[in-house]
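Computed from a predicted model, the values in this text were never measured in an experiment.
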Amino acid sequence: MSTRTRHNHNKPLDRRGRFGKYTEAERLQLVEKIFIQYPRLKKLRERIEFCRTRSQTAAEPECMLIAGHTGAGKSTLIKWYASGFPVRILPERRIHPVLVVLVPSPATVKGLATEMLKALGDPAADKGATSSQTLRLRKYIAACEVELIILDEFQHFDDRQSKNILKTISDWLKNLLNQCNIPIVLAGMPGCESVLDQKGNEQLKRRFASRDEILPFSWDTRERITEFRQLLKGIDDALPLLKDSHLADVETAFLIYTATDGVIDYVMELVRWAAALAIKSGLEQIDNSLLAQAYEERIAQAFPKRPNPFNPQVELKQRTEPLRRASRVPNATNKRVKPRKPKRPMSDVLSHR
C-alpha cells in the first residue's frame, strides 16, 4: 500500500501520532512507499479508464497513446492504474482485467506475442510459430477476460534499420485489435507517434486518434508554480518525519525545481534520499544540507555540468524573477529550515535500500 495524505489542512498535522510509533527500518520503508496522486496524473488515469469503460459499449474499442520522457511518470501511471485491477487466480482459470506488457527491443511479432502470453500465464509462451502464438493469445485474452491492454515502451516499434519489421508488427497489432475488439493504450517516448504516422499505417493511426503527453512540472506561470508547490506539500505531509520540512516554501521549491527540471522521478528520488539521510541521522526534518547531499549522491550524475543548487555558495541565475512570480500555496508556510550537518554518513544508509 502506498502512503497517501488525507487530512484537514485547517489543523496542524499530527506527525508524532502518525509516525512516532515506527522503527527506523519501518520509516525507511514508508519513505519508499510514498505516492502522491497529483492532478495531472489523475487526469491521465481518468482518460485510460474512459478507454476501458467506453469500449464495453462502443462500436469500436477506444484506444489512446501516451508519450513522455523517461522519468516523467509513465510507468508510475501505468502501475497505479493496473493496481486497481488485480489478477485473480481461480481454480479453473485466471482473470486478468488489465494486461500490461513491455514491448521488447528489438520489437518483433514473436517477441511481443511471447511477452503477452507470458503475462497471461501461458506455460509455453515462447513455443510454436507466430501464427500459433497469435491464435493462443486471442484465446487467452478471451479466457482471462482482458478488458484493456497497455503496451509500454512503444517506441521500440520504430526500428529505423529495418522498416519491414516495423510494418509487420504494426499490421499484427492492428489485426489483434480488430480480432479481439479490446482497447489498447500505447505508452512510449516522445516521437513514438511517428510509428502511427508512417505511410501505410493509416488504419492503426485512426484507432489511436486520442493522444496525450505527460510533461515535467514547470516554473513559468503562477498556476504551474502553485501546482508544483502543492505536489511538494503533499510529499512533505507524507514523509515519516516528526517535523515539517517546508518543501513547499517558495525558495526551497524553486531549488528543488532547479535541481530536477521538474521531472517527477528526480523529485521523488531527491526527497526520498534526503528523508533517508534525515532518518539515519536522527533528524526529524529535511533541510538544505540534506538536500545538497542527496543531490550529489543521487541526481548530480544526470546533470554533470550543473552546480549543486542547494550549495549556499552557488548563485542561481535569474533567481529573483521566478521567485517573484511564485504564488503562495494555501497552508504551505514560507518557513526555512536551517541546514544541519547529518550525524551519520550516507554509507550507513546504503545497506537499508
Side-chain angles (χ1 to χ4, degrees), residues 2-7 9 33-54 62-85 98 100 148 150-155 183 185-193 208-239 247-250 252-272 299 302 322 325-332:
S2 299
T3 300
R4 298 189 178 99
T5 57
R6 294 178 182 274
H7 62 277
H9 286 287
K33 293 178 181 179
I34 291 174
F35 172 59
I36 306 300
Q37 300 176 14
Y38 51 93
R40 63 173 67 182
L41 205 66
K42 286 183 179 180
K43 183 179 179 180
L44 284 170
R45 188 188 187 283
E46 290 169 0
R47 294 286 304 278
I48 296 175
E49 177 64 0
F50 176 76
C51 288
R52 187 187 69 85
T53 55
R54 187 177 188 278
E62 183 76 22
C63 302
M64 71 177 294
L65 180 144
I66 303 173
H69 285 285
T70 300
K74 294 191 307 298
S75 296
T76 299
L77 170 65
I78 292 169
K79 288 178 182 177
W80 178 31
Y81 182 81
S83 68
F85 303 88
V98 175
V100 179
L148 178 76
I150 301 178
L151 299 181
D152 197 7
E153 304 295 350
F154 177 61
Q155 72 275 2
V185 173
L186 303 174
M189 295 286 286
C192 65
E193 62 273 10
F208 291 89
S210 177
R211 303 183 185 186
D212 231 313
E213 186 173 8
I214 184 165
L215 298 168
F217 290 86
S218 59
W219 195 278
D220 55 359
T221 67
R222 176 184 294 184
E223 291 74 18
R224 290 174 179 174
I225 292 170
T226 298
E227 179 191 29
F228 185 62
R229 293 181 65 202
Q230 287 174 333
L231 168 74
L232 294 177
K233 181 68 168 73
I235 296 172
D236 197 347
D237 288 349
L239 289 173
L247 301 179
D249 161 72
V250 177
T252 303
F254 179 63
L255 292 176
I256 293 174
Y257 172 77
T258 302
T260 63
D261 285 348
V263 176
I264 185 63
D265 279 12
Y266 287 143
V267 173
M268 296 307 300
E269 181 68 13
L270 176 73
V271 177
R272 283 187 176 123
I299 308 296
R325 290 201 308 266
S327 60
R328 188 182 179 87
V329 174
N331 298 312

Peer 1: Please report the shortest heavy-atom distance between Ile214 and Lys74, naming the atom on each side.
Peer 2: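 Closest approach of Ile214 to Lys74: CG2-CG, 3.6 Å.
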Peer 1: Do Pro190 and His69 have side chains that approach each other closer than 4.5 Å (heavy atoms only, starting at C-beta)?
Peer 2: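 They are in contact (side-chain heavy atoms under 4.5 Å apart), so the answer is yes.
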Peer 1: For a 4.5 angstrom cut-off between non-hydrogen side-chain atoms, does Tyr266 reach Asp261?
Peer 2: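 A side-chain contact is absent here, since even the closest heavy-atom pair is not under 4.5 Å.
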Peer 1: With a 4.5 Å limit on heavy-atom distance, are the side chains of Ser75 and Asp152 in contact?
Peer 2: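 Yes, at least one pair of side-chain atoms sits under 4.5 Å.
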Peer 1: Looking only at non-hydrogen atoms, find the nearest pair between Leu41 and Gly73 and report the distance.
Peer 2: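 Residues Leu41 and Gly73, closest heavy atoms: CD1-O, 4.2 Å.
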Peer 1: Check the pair Ile264 / Tyr38 against side chain to side chain contact (heavy atoms under 4.5 Å, CB included), numbers first and verdict last.
Peer 2: CA-CA 11 Å; Ile264 185 63; Tyr38 51 93; 3.9 Å; yes
Peer 1: Rounded to the nearest 0.5 Å, how far apart are OG1 of Thr76 and CD of Gln37?
Peer 2: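 Thr76 OG1 to Gln37 CD: 12.0 Å, rounded to 0.5 Å.
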Peer 1: Report the distance from atom CZ of Phe217 to atom CG of Leu232, rounding to the nearest 0.5 Å.
Peer 2: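 Taking CZ in Phe217 and CG in Leu232, the distance rounds to 8.5 Å.
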Peer 1: Using the side-chain contact (heavy atoms from CB on, under 4.5 Å) criterion, which residues pair with Arg54? Sequence neighbours excluded.
Peer 2: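 If we apply the side-chain contact (heavy atoms from CB on, under 4.5 Å) test to Arg54, skipping adjacent residues, the hits are Phe50, Ala58, Glu62.
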Peer 1: Is there side-chain contact between Leu77 and Ile66, with at least one heavy-atom pair below 4.5 Å?
Peer 2: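 A side-chain contact under 4.5 Å exists here.
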Peer 1: Tell me, do Asp220 and Ile225 make a side-chain contact under 4.5 Å, heavy atoms counted?
Peer 2: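 In short, these two side chains do not touch, never coming nearer than 4.5 Å.
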Peer 1: Out of curiosity, Thr53 OG1 to Glu46 CD, how far, rounded to the nearest 0.5 Å?
Peer 2: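 The OG1 atom of Thr53 sits 11.0 Å away from the CD atom of Glu46.
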Peer 1: Of all the heavy-atom pairs spanning Leu148 and Cys51, show the shortest one and how long it is.
Peer 2: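 Taking Leu148 first and Cys51 second, the nearest heavy atoms are CD1-CB, 4.5 Å.
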Peer 1: Between the main-chain N or O of Leu215 and the side-chain N or O of Arg40, is there a donor-acceptor pair closer than 3.5 Å?
Peer 2: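 Yes.
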Peer 1: Taking the inter-plane angle between the rings of Phe228 and Trp219 on a 0 to 90° scale, is it parallel (under 30°), tilted (30 to 60°) or perpendicular (over 60°)?
Peer 2: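 Judged by the thresholds at 30° and 60°, the geometry between Phe228 and Trp219 is perpendicular.
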Peer 1: On a heavy-atom basis, which atom in Ala238 and which in Ile36 lie closest, and how many Å separate them?
Peer 2: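 The answer is CB-CD1, 4.4 Å.
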Peer 1: Mind telling me whether Tyr81 and Phe85 have parallel, tilted or perpendicular rings, with 30° and 60° as the class edges?
Peer 2: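 Tilted, since the angle between the ring planes falls between 30° and 60°.
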Peer 1: For the residue pair Val100 and Lys79, establish whether any side-chain heavy-atom pair is separated by less than 4.5 Å.
Peer 2: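 Not in contact.
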Peer 1: Take Arg52 and Glu49, measure what salt bridge (charged side-chain N to carboxylate O under 4.0 Å, His left out) needs, and give me the verdict at the end.
Peer 2: CA-CA 5 Å; Arg52 187 187 69 85; Glu49 177 64 0; 2.7 Å; yes
Peer 1: Is any side-chain heavy atom of Met268 closer than 4.5 Å to a side-chain heavy atom of Ile235?
Peer 2: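 Yes, their side chains come closer than 4.5 Å.
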Peer 1: Which one of Asp236, Thr260, Leu247 satisfies the side chain to side chain contact (heavy atoms under 4.5 Å, CB included) criterion with Val271?
Peer 2: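 Output: one option passes, namely Leu247.
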Peer 1: Is Thr252 reaching over with its side chain to a backbone N or O of Ala248, donor-acceptor style, under 3.5 angstrom?
Peer 2: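 No, because the side chain of Thr252 does not come within donor-acceptor range (under 3.5 Å) of the backbone of Ala248.
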Peer 1: Taking all heavy atoms of Met189 and all of Gln155, pick out the closest pair and write down the distance.
Peer 2: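 Smallest interatomic distance, heavy atoms only, reads N-OE1, 3.1 Å.
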Peer 1: Let me confirm one number: the CG-CH2 distance from Leu44 to Trp80, rounded to the nearest 0.5 Å.
Peer 2: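 If I round to the nearest 0.5 Å, the distance is 9.5 Å.
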Peer 1: What's the shortest heavy-atom distance between Pro183 and Cys63, and which atoms?
Peer 2: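 Looking at all heavy atoms of both residues, the closest pair is CA-SG, 4.1 Å.
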Peer 1: Taking atom CG of Leu65 and atom CD of Glu213, what is their separation to the nearest 0.5 Å?
Peer 2: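 Reported to 0.5 Å precision, the distance equals 10.0 Å.
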Peer 1: Between Asp212 and Arg47, is the closest basic N to carboxylate O distance under 4.0 Å?
Peer 2: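 Yes, Arg47 and Asp212 are salt-bridged.
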Peer 1: Taking the side chain as everything from C-beta on, heavy atoms only, tell me whether Cys192 gets closer than 4.5 Å to Leu186.
Peer 2: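 Cys192 does not reach Leu186 side chain to side chain.
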Peer 1: Does Arg224 come within less than 4.0 Å of Glu227, counting only side-chain N to carboxylate O?
Peer 2: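 A salt bridge is absent here (no side-chain N lies under 4.0 Å from a carboxylate O).
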